[in-house]
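Below: the structure, in structure tokens.
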Amino acid sequence: MMLEVRDLVTAYGQSLVIQGISLDVTTGEVVCLLGRNGAGKTTTLRSIMGLTPPRAGRVIFKGKEITGRQPFEIARLGVGYAPDDRRIFPDLTVEENLEIVRRVTGREGRWTVERVYQLFPLLPGLRGNRGIGLSGGEQKMLAIGRALMGNPTLLILDEPSEGLSPLMVHTLVEAIRQIRQEGVTLLLADQNLKFARRVADRGYIIEKGTIRYSGRLDDLWADQEIVRKYLAV
Amino acid sequence: MDTIAFQGLIGLSLAMYLWLISAGLTIIFGVLRIVNFAHGSLFMMGAYLAFTFYGQLGLPFWLAILLSLLGVGLLGLVMERFFLRRIYSIDEAYQLLLTFGFILILDDAVKIIWGGVFKIPPIPAFLDGAWRAFGRPFPVYNAFVIAVGLLVAVLLWALFEKSWWGRIVRATASDREMANAIGVNVPRVFSGVFMFGSMLAALGGAMGTPVRVASPGIGAAMIIQAFIITVIGGLGNLKGAFVSSLMVGILSAYGTLFFPVFELFFIFVIMVVVLLVRPQGLFAR
Amino acid sequence: MVLILVVLPSLAGRYSLYLVIQILILSVFSLGFNLLFGYTGLLSFGQAGFFAVGAYACAKILLAVPNLFLGLLGGVVIAAAAALLLGFLSVRHTRIYFSMLTLAFGMMIYSIAWKWRDFTGGDDGLVGIPRAPLAIPGLPALSVASMERYYYVVLVVSLLAIWLMYRLVNSPLGLALQAIRDSESRAEFAGIAVRTYRLVAFTIAGLYAGLAGALLPPLENTVTPPIAHWSTSAEPVLATLLGGIHVFGGPIVGAFLFFMIKDVIVRFTEYWLIWLGVIVVALVMGFRGGVVSMFARRAARAEAASDR
Amino acid sequence: MTASALLQVAGLRKRFGELAAVDGVELTLVPARLTAIIGPNGAGKTTLINLVTGALRPDSGRIYFKGEEITRLATHHRVRKGLSRSFQLMNIFGRLSVLENVLVPVLSRLGRTVDPFSRLEREAEARAEAEQILAEIGLGHARAHPAGAISHGDQRLLELGMAIAPAPALCFLDEPSAGLTPVERTTVLDLIRRLSVERRTTFAIVEHDMDVVFSLSDWIVVMNRGRVLAEGPPSLIRENREVREVYLGEDALA
Amino acid sequence: MKRSLGIASVLFVVSLLLVVAAAVPAGAQCQLGVPAIKIGVQGAASGPHADYGRQIEMGATMAIEEINTAGGILGCRLEMKFMDDENKAATGVKNARYLVTEWGAHFMVGTDSSGVAMALGPVLAELRRIHFFTHAATHRLTEELVAGKGIQEIVRVSVPVYQDAIVAALIFKDRPEIKRWATIGADYEYGYASWSLFKDTLKKYRPDVEFVAAAWAPFLTLDFSPHVSAVMAQKPDAIFSTPWAGEAVMLLRQALIQGVFDQIQAWWQAMGGSVDVLEGIAAEVQRDRFKGKLWATARYIHNWPDTPENKAFIERFRKRWARFPNYSAETTYSALFIMKAAVEKSRSVETPKVIEALKGMQIRNPGGLRVFRAEDHQFVYNVPAGRVMVDPNFPIPVLGDLKVFAAKDYYRYPPFTPVAVTK
């Protein structure tokens with residue numbers, strides 16, 4: 001088991017955003033959290049990453065409890081994270097944004113700057129540009145590349161397809177497939193069911209801070225009732 | 001003409017002391033978002049330690065400076081690790097007050113340790129004497145101060161633009177949470193930056209001891225100028241701190257030459273003008 | 001309490017009386033500061049500037065027209081005018097920017113006090129300021145030359161100032177200021193012109209600083225530039241912090257403790273600053289509520305316990 | 001300028017660096033019609049509210065309120081004219097009591113906050129009105145508690161109370177049901193419905209909870225990438241293919 | 001809110017009672033009817049001039065120890081209390097009030113800063129206590145407050161600013177080659193008054209001199225380089241300088257490295273004869289870096305007068321404190337012996353009687369013969385000025401080549417006209 005989340009409860013101040021979420025990610029699979037805006041997907045991922053320490057519950061990564069650890073320790077254990085709002089370091093260049101991760105995690109491995117460039121052919125042409133000048137889509141690719149630079153065994157991507165043009169979504173789908181082939185386990189959060197269906201095996205639907213459905217995405221796609229209830233308008 | 005050029009050169013040496021102290025203040029603010037009121041006291045500690053190592057223990061000047069940097073760096077580390085770190089999350093007014101408490105403690109501590117008499121060691125032989133510039137003797141020491149100041153500027157530029165430590169610090173400064181998430185040990189970066197900033201203040205103090213005395217109260221005299229420089233330059237902006245140090249240093253040297261009566265007032269006028277025109281400072285982000 | 005203060009001259013020695021005057025002055029000074037800090041959320045490190053403006057203005061008036069009433073009034077009005085002017089420039093900024101700006105403005109006033117010798121007497125200051133009679137128009141002039149008499153003047157003025165401040169913070173205006181402190185954006189959406197109200201608070205704080213400053217020259221007969229220095233600005237900050245920022249009486253108790261602590265420490269050691277520093281650090285690290293709220297909390301807990 | 005419009009927005013644009021957060025929005029809000037503004041993350045909903053209420057200045061475009069241009073007006077003046085809002089993240093006066101939280105906007109509307117000498121206890125008119133609001137939002141029992149210490153659900157109610165306290169003609173609510181338990185959510189929805197009738201306040205809500213949106217609103221505005229994608233009554237929006245695609249991501253795969 | 005105010009009041013009342021209770025009543029004994037003669041001592045013990053306050057404390061302590069060992073004054077023991085005035089007028093006044101009304105001082109002595117002295121003056125009248133000023137040098141203290149306003153309680157044992165300014169003019173009027181003077185002045189009253197008095201006096205003797213440049217350095221200046229270069233741009237023959245203590249040392253060193261002593265004929269350093277300054281520049285003097293061009297004075301100089309009393313005083317002082325006495329130590333020490341003489345003469349510690357006893361007093365101190373001047377309560381005594389040089393008999397530099405002018409010849413006399421301060 002790559003990741004086990006048990007009865008996670010997270011709050012901002014008085015507001016219980018996550019009200020007891022449990023989920024599993026098996027080694028080698030791609031799992032997607034689905035749900036509308038404000039359902040609690042981002043908070044779940046942040047809690048796993050240690051950015052918003054949970055109030056209760058446990059997070060177990062590769063059999064080891066990481067609940068309450070500092071994010072940098074979790075990153076150094078091999079969890080890569082690309083947030084929904086990208087958070088590219090604005091005054092570092094594209095190449096520095098990538099290289100810095102290798103430097104700070106010290107996790108050398110298959111992923112190098114060149115391999116990230118191969119994965120996202122858009123990036124090498126921008127290698128000297130500062131993060132602040134990149135378009136949203138470019139930042140998205142860079143954020144994923146940056147998360148890979150720590151050679152993670154688990155990669156967490158928050159809303160990877162959000163705001164991307166169809167062409168870029170296509171690139172992204174290809175990239176995720178390649179990443180998976182390299183043996184990286186993925187946990188995504190997305191609103192876009194069609195996109196999720198193309199990359200993920202299993203999914204969880206989150207609504208109002210709790211899990212409402214879990215299962216194979218193909219099955220989910222077939223169940224228009226659930227889609228309508230939790231994902232569509 | 002020569003008079004003006006010479007005075008400008010003197011102003012440049014004045015500016016370099018200001019630069020060293022405001023550089024540390026700026027770096028600490030830029031990364032930790034803390035205004036360190038006690039920064040001037042660290043400057044003073046640098047001066048006293050340099051006096052002890054060089055003037056009393058007779059160590060070589062360079063070594064003495066190095067040791068006083070380390071000593072003050074250690075002091076900064078203690079301040080950050082055991083005090084400031086515990087209050088990052090609370091209202092910044094309290095951070096200001098805490099560092100104010102440190103001023104009171106450090107000012108009295110030097111009196112207890114070194115006594116009330118000012119301290120001044122001899123000028124190292126290799127920095128004694130003068131060169132000629134614009135037809136007048138220009139002190140080697142002032143040239144040395146200018147050289148150190150410019151060297152520090154270049155080193156800081158290289159450190160922050162070219163070294164990985166600098167890039168990590170910049171990344172942390174711009175987004176400490178994301179830096180943490182990619183594996184940066186943020187608390188350690190904070191300690192490192194605070195220590196580094198303290199050492200810059202100490203360098204300003206230590207470097208000056210043979211020509212400027214170490215005495216209780218010099219820290220409090222420096223901190224206001226350093227504040228004004230960082231406000232003019234734009235809080236947290238290193239380039240701004242450098243430019244406004246040059247501006248204040250050189251302009252106040254000319255103030256002494258042309259308007260000797262208004263010198264003290266001069267720096268405040270610059271500040272008010274800058275704030276009226278650009279409230280966020282000259283180089284605000 | 002007021003009763004004890006009223007009969008104090010017959011109980012206490014002259015030094016105690018003098019000390020109580022100083023405490024009352026610092027109380028008024030700190031109350032003004034806390035309107036800005038505790039109630040409006042702005043930490044000013046330049047209040048000594050307005051304290052000095054009040055003191056110098058009062059001194060100049062007393063040297064020209066020997067009437068205490070005019071001196072106090074002039075000090076207050078001129079300090080408030082100075083605060084209005086500098087406040088206009090300062091309240092555009094908040095938080096650390098505001099603190100540094102007020103620090104610099106305060107030091108600017110300090111350098112004026114030091115430099116404008118023809119008017120301020122430079123570093124020697126203004127000397128020989130008379131403890132002139134209090135002549136309120138329409139009332140018979142009252143001589144206040146003795147320390148006891150002057151004590152009563154300070155007492156009445158301070159109690160009046162404390163009472164007015166109490167009314168102010170418990171008025172709709174005071175509530176609006178506290179709202180700004182808690183949330184600037186929400187206050188805007190409550191229809192409050194935030195910047196204007198900040199300026200009002202700044203001006204009132206400057207007015208109180210000026211009043212406190214104006215009470216000083218008749219006591220000391222002198223005004224010198226160090227009263228404008230930032231280390232003087234630190235006094236109301238420390239007093240308020242010591243007593244507690246979120247309670248009305250905090251600055252008053254704090255002013256008292258500040259003088260007591262200093263007075264006690266200096267009797268035993270000349271290194272009193274280090275002890276004050278240790279107290280400040282300890283307060284910030286451990287007891288941010290100040291002494292009064294510490295007691296208030298205990299009292300509230302006891303009350304809650306007895307309810308059950 | 002539509003005669004019946006309460007608020008009209010024309011060609012509104014706002015950029016943050018590279019990002020066009022609001023990119024030419026045209027919008028009309030009609031009195032007494034409860035409008036919901038929906039759309040995926042980053043669609044520009046909150047930016048739109050910030051522009052309309054004055055927290056942000058637009059790069060271009062115009063805003064009219066009750067037929068009067070307010071594009072450059074300071075926030076507190078807009079509030080005085082009858083425009084108010086609640087906040088997505090909790091934004092209350094944490095150290096003040098619950099009653100005082102509501103009292104501030106009421107006093108402000110009555111022009112009483114300028115008075116330094118009146119006593120709060122004597123502000124009978126304002127107090128009565130604030131008590132009335134507390135009663136309406138069901139927080140009368142908590143009037144003396146510090147607002148920072150009451151439960152999240154009660155703070156949401158208080159947000160709502162503070163938003164209606166200036167007696168606005170138009171009130172924006174930014175995610176009024178976020179982080180609430182089902183019971184609290186029902187309370188809030190009932191309250192909004194009731195207030196819009198009793199107080200004659202027109203509400204415009206930004207909301208992600210589609211149950212809330214469809215059960216509450218008379219009119220839905222769908223935003224995507226800084227623009228208004230569609231608007232209309234709930235029944236039509238539910239069937240709108242474009243809207244479905246935005247939510248299910250079909251456009252991205254086209 | 002209400003409750004907190006209540007608690008605040010309770011605290012306040014309790015504390016007030018404590019203050020009241022703390023006022024200790026006094027007893028009685030000894031020939032003067034007091035348990036002990038109490039001496040309040042003040043000086044700057046913090047900040048950059050802290051050593052001057054320390055020297056005051058050392059001088060006072062030693063005088064009191066010696067007097068007590070010899071049986072006190074009319075059988076009465078002396079007690080002292082030293083307080084730091086922080087160089088702030090407000091603190092000085094507060095201390096004085098504490099010392100007199102709370103601690104019960106019969107006399108006060110000390111005070112470094114002119115600002116503090118000027119503030120203390122009127123308070124002394126109210127407290128009715130004599131304060132012997134042993135450092136503060138402003139002419140206004142004696143001219144305005146004593147002669148002008150008639151505050152009898154002010155007595156100065158130290159010399160006024162006349163010494164720093166007028167003696168310089170008297171010395172350099174005889175150096176015809178020096179025609180162009182510049183000043184690097186302390187940017188406050190003391191600096192301005194000195195420069196004005198110097199210019200006025202020198203002009204009388206030497207209409208040919210020019211005053212070519214002035215640079216003013218505020219209190220707590222750390223770098224005088226721009227001031228030095230600004231005045232040197234005018235190519236002066238000599239420099240008149242008034243920053244003192246650590247600032248003087250800094251200034252001299254910064255002038256040295258700008259090669260100033262190669263370009264000028266003389267440098268007058270007011271108060272350069274202070275022990276801390278001489279210690280600070282000792283290495284440079286030994287290597288003759290000043291080329292014999294550095295002239296200085298002080299309020300007392302340890303190598304003059306060459307009398308057994310002075311030598312014995314220095315020996316005792318060095319034995320007691322392992323340092324040389326600074327002028328503030330000597331003046332404070334002597335002030336206490338002046339007080340002793342006055343009390344013994346009047347057989348009283350009451351202020352008016354002691355003041356009466358001071359009139360006409362002439363007394364020999366380590367610093368020489370001091371004569372009380374009733375018009376302004378200034379003790380008049382001679383202090384030489386001289387060239388800073390090495391003396392094999394002393395471990396620190398001394399003033400040599402001494403010029404002694406009779407103080408009574410150059411002191412200002414009533415009616416005092418204000419010193420027109422020009423910059």
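Labels below follow one simple rule: chain letters A, B, ... track the order of the sequence lines, proteins then strands, and each chain is numbered from 1. Small disclaimer: the values here were computed from a predicted structure and weren't measured.
Rounded to the nearest 0.5 Å, atoms CZ (Phe100(B)) and OG (Ser231(C)) are 7.5 Å apart. To the nearest 0.5 Å, atom CD1 of residue Ile224(B) and atom CE of residue Met108(C) are 13.5 Å apart. Between the CG atom of Leu84(B) and the CE atom of Met285(C) there is a distance of 8.0 Å, given to the nearest 0.5 Å.
Residue contact with chain B, scored on non-hydrogen atoms closer than 4.5 Å, involves the backbone and the side chain of Val278(C) alike. Contacts of Ile228(B) with chain C are made by side-chain atoms alone, with heavy-atom separations under 4.5 Å and no backbone atom involved. For Phe83(B), the parts lying near chain C are the backbone and the side chain together; criterion is any non-hydrogen pair under 4.5 Å. In this structure, the portion of Leu238(C) lying under 4.5 Å from any heavy atom of chain B is its side chain and not its backbone. Residue contact with chain B, scored on non-hydrogen atoms closer than 4.5 Å, involves the side chain of Arg92(C) exclusively. Contacts between Thr230(B) and chain C at a heavy-atom distance below 4.5 Å involve the side chain alone, from C-beta outward.
In terms of heavy atoms, Lys111(B) sits closest to Tyr271(C) at CE-CE2, 3.7 Å. Pairing each heavy atom of Val284(C) with each of Tyr94(B), the nearest pair is CG1-O, 3.6 Å. Minimum heavy-atom separation, Asp108(B) to Trp272(C): OD2-N, 3.6 Å.
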For this session: Assess whether side-chain contact (heavy atoms from CB on, under 4.5 Å) is satisfied between Leu96(B) and Ser99(C), documenting all intermediate values.
Result: CA-CA 9 Å; Leu96(B) 210 60; Ser99(C) 301; 3.8 Å; yes
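Shown are Leu276(C), Val280(C), Ile274(C), Leu273(C); of these, the side chain to side chain contact (heavy atoms under 4.5 Å, CB included) with Ile105(B) is made only by Ile274(C).
Each of Leu104(B), Ile103(B), Asp107(B) has some count of heavy-atom pairs under 4.5 Å with chain C, and the biggest count is that of Leu104(B).
More than 12 heavy atoms of other residues, nucleotides or ligands shown are found within 6.0 angstrom of CZ on Phe258(B). Other residues, nucleotides and ligands place no more than 12 heavy atoms under 6.0 Å from the NZ atom of Lys239(B).
Taking the side chain as every heavy atom from C-beta outward, Phe227(B) and Phe45(C) never approach each other to under 4.5 Å.
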